[in-house]
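For reference, the structure is listed below as structure tokens.
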Amino acid sequence: MDNPFKKILHNEELPEVLKKKVLNDVAMIKLSIDMADLFVVKYPNAVGDLLSGGGAEEDDTNKKNKDQKNRDK
């Protein structure tokens with residue numbers, strides 16, 4: 001496959017068809033990364049938090065309570 005960017009002269013403007021193709025490819029890559037992030041990172045973290053009985057808010061509260069108990073001793 002020939003590199004389409006070599007066909008462009010320095011003084012010419014980028015053809016609209018090529019510009020749309022490149023932008024569509026970039027958008028598809030970004031969508032793929034976002035979907036992978038959603039299902040590989042965020043979804044398992046959310047399920048893990050739900051199954052462990054809470055989330056970050058409970059962990060922060062538990063840490064504050066432990067710190068307070070340690071100070072009272």
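We're numbering straight along the sequence, starting at 1.
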### Co-membership, hydrophobic cluster, residues Tyr43 and Leu51, 4.5 Å side-chain
yes
### Query
What about Met35 and Met28, same hydrophobic cluster or not, with Ile/Leu/Val/Met/Phe/Trp/Tyr joined at side-chain heavy-atom distances under 4.5 Å?
yes
#### Entry: From Leu18 atom CG to Leu23 atom CG, the distance as rounded to the nearest 0.5 Å
9.5 Å
#### Entry: side chain to side chain contact (heavy atoms under 4.5 Å, CB included) evaluation trace for Val17 with Lys21
CA-CA 6 Å; Val17 174; Lys21 184 177 184 323; 5.7 Å; no
### Query
Rounded to the nearest 0.5 Å, what separation is found between the CG atom of Asn45 and the CG atom of Leu50?
11.0 Å
### Message
Please determine whether residues Phe39 and Leu31 belong to a single hydrophobic cluster, defined as Ile, Leu, Val, Met, Phe, Trp and Tyr linked transitively by side-chain heavy-atom distances below 4.5 Å.
### Response
yes
